[in-house]
J.: 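The structure's right below; bear with me while I get my questions together.
Every heavy atom of this structure was used, including side-chain atoms; hydrogens, water molecules and symmetry mates were not. Note that ligands are numbered from 1 as they come in the structure, with each ligand's atoms numbered from 1 the same way.
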Amino acid sequence: MSDNRIPLLIDTDPGVDDALAILMAFDDLAHEVIGLTIVAGNVGLKHTVANALKLCEVAGRGDIPVFAGCAEPLLHPAPDAADVHGADGFGDIGYTQAARAAEAEHAVQAIIRLSHEHAGRLLLVALGPLTNVALALKLDPTLPSRVARLVVMGGAVNARGNITPFAEFNTHFDPEAAHIVFEAFETFDLADWEATLAHGFLHVDVDAWCAADAECARFYDAISRKTRAWSGERRGERWHSADSLAMAFALAPEGAETASHRLSVSLDGPARGVTLVDWQGLDPRPANARILLRYDQAAFEARVARALAAI
Ligand code: BDR
Ligand code: CA
């Protein structure tokens with residue numbers, strides 16, 4: 001294995017689409033996953049940690065440290081996404097718990113430590129609410145100086161949300177955390193919900209990928225079955241996997257078309273958690289978000305298919 005691999009730290013709340021994104025990261029030879037820092041979001045922390053550990057086990061990656069992080073948003077409680085991902089976040093298939101437990105170190109401490117160990121090279125990909133990353137910034141405001149690239153799955157850049165009419169789940173779950181992160185990083189990459197909607201997979205294709213004769217595919221087929229059915233009833237012939245699109249953008253940015261704009265998040269009232277994009281450049285502050293507009297769909301699908309069949 002080449003020593004030039006990019007160190008990749010994934011902050012995540014697994015979650016069915018988080019799981020697919022993590023498998024894609026495991027499958028990529030140019031990146032070395034150095035840890036999973038876990039946050040509450042799709043479901044409670046107890047489940048998101050258990051799911052991360054189980055996924056590593058199924059993928060044969062028990063070597064990857066899993067760190068438990070924040071169990072709730074910074075300020076205000078928020079609804080989870082158990083209706084989409086299952087009460088346990090992994091489709092309630094009743095899997096046997098992983099043999100391994102999470103590390104003793106808190107996820108927020110791990111983010112800071114790993115940013116020092118991989119200073120200037122670290123790729124940080126945030127697939128859940130930004131609570132852990134925000135708290136890391138509060139503990140150590142110099143964090144952005146050591147992160148080579150931050151990729152965030154979150155927001156809905158034209159305010160076409162998925163948890164409220166206007167807000168996307170991750171930014172709605174912890175808007176204060178999103179605000180802290182968006183203001184602290186001079187630049188970051190954003191894969192939002194609306195890009196996700198433009199890059200769905202045909203259900204028939206997902207069924208075929210999940211039918212691969214591989215342990216990962218069998219497990220993924222089982223945990224994603226309910227959410228795929230849920231989505232099929234509501235959103236038609238395509239299934240949308242937000243975190244896997246963000247991961248494709250993270251792993252292979254050359255497949256992306258982007259635009260840079262100033263992005264912020266609303267904290268109050270009915271617009272709480274809504275991302276606001278200065279599309280016209282009227283805000284005097286510099287652009288902070290490199291927003292994913294389009295991604296090479298064929299390359300994206302090939303990556304997903306390969307990740308499921310990898311083991
Ligand atoms: C995001 O919310 C979660 O339900 C998914 O895992 C993804 O991170 C999509 O809005
Ligand atoms: Ca997620």
J.: Taking atom types as modelled and ignoring hydrogens, do the side chains of Asp11 and Thr37 form a donor-acceptor contact shorter than 3.5 angstrom?
T.: yes
J.: Evaluate Leu114 against Phe67 for side-chain contact (heavy atoms from CB on, under 4.5 Å), listing each step before the verdict.
T.: CA-CA 12 Å; Leu114 290 165; Phe67 305 93; 4.3 Å; yes
J.: Taking both backbone and side chain into account, is any N, O or S atom of Leu127 nearer than 3.0 Å to the Ca ion (ligand 2)?
T.: yes
J.: Apply the test salt bridge (charged side-chain N to carboxylate O under 4.0 Å, His left out) to residues Glu186 and Arg290: give CA-CA distance (whole Å), side-chain angles for both, the deciding distance (0.1 Å), then the verdict.
T.: CA-CA 11 Å; Glu186 234 169 73; Arg290 192 165 71 120; over 6 Å; no
J.: What's the shortest distance from atom 9 (C) of ligand 1 to any protein heavy atom, and which residue and atom give it?
T.: Glu168 OE2, 3.2 Å
J.: Near Ala242, which atoms of ligand 1 are under 4.0 Å from a heavy atom of that residue?
T.: 9 (C)
J.: Taking distance alone, with N or O pairs closer than 3.5 Å, would you say Asp13 contacts ligand 1?
T.: no
J.: Among all protein heavy atoms in this structure, tell me which lies nearest to atom 8 (O) of ligand 1, with the distance rounded to 0.1 Å.
T.: Asp243 OD1, 2.7 Å
J.: Considering only protein heavy atoms, which is closest to atom 6 (O) of ligand 1, and at what distance to one decimal place?
T.: Asp17 OD1, 2.5 Å
J.: Short list, please: which atoms of ligand 1 are under 4.0 Å from a heavy atom of Met153?
T.: 1 (C), 7 (C), 8 (O), 9 (C)
J.: Do you know which N/O/S atom name in Asp13 is closest to the Ca ion (ligand 2)?
T.: OD1
J.: Could you tell me which atoms of ligand 1, counted from 1 in the order shown, lie closer than 4.0 angstrom to a heavy atom of Phe169?
T.: 2 (O), 3 (C), 4 (O), 10 (O)
J.: Can an N, O or S atom be found in Asp17 less than 3.0 Å away from the Ca ion (ligand 2)?
T.: no
J.: Can you tell me the angle formed at the Ca ion (ligand 2) by OD1 of Asp18 and OD2 of Asp243, to 10°?
T.: 70°
J.: I want to check a possible cation-pi pair here: Arg285 against Phe182, using under 6.0 Å from ring centre and within 45° of the ring axis as the test.
T.: no
J.: I'd like to know if Arg146 pairs up with Asp140 as an ion pair, taking the criterion as any Lys NZ or Arg NE/NH1/NH2 lying under 4.0 Å from an Asp or Glu carboxylate oxygen.
T.: yes
J.: Quick check: Gly128 and ligand 1, any N/O pair under 3.5 Å apart?
T.: no
J.: In Å and rounded to the nearest 0.5 Å, what is the CG to OG1 distance from Asp17 to Thr227?
T.: 8.0 Å
J.: Does the side chain of Trp230 come under 3.5 Å of the side chain of Asp83 through a donor N or O and an acceptor N or O?
T.: no
J.: Is it true that Val84 lies under 4.0 Å from ligand 1, counting heavy atoms only?
T.: no
J.: Report yes if some N/O of Asn170 lies less than 3.5 Å from some N/O of ligand 1; otherwise report no.
T.: yes
J.: For side-chain contact (heavy atoms from CB on, under 4.5 Å), just list the numbers for Val16 and Tyr220, CA-CA rounded to whole Å, side-chain angles, deciding distance to a tenth of an Å, and then say yes or no.
T.: CA-CA 8 Å; Val16 172; Tyr220 199 73; 3.2 Å; yes
J.: Would you say the side-chain atoms of Ser224 and Arg228 include a donor-acceptor pair closer than 3.5 Å?
T.: yes
J.: Among Asp18, Asn42, Ile163, Val43, which one puts a heavy atom closest to atom 3 (C) of ligand 1?
T.: Asn42
J.: When you measure from the side chain of Asn51 to the backbone N and O of Asp88, does any donor-acceptor pair fall under 3.5 Å?
T.: yes
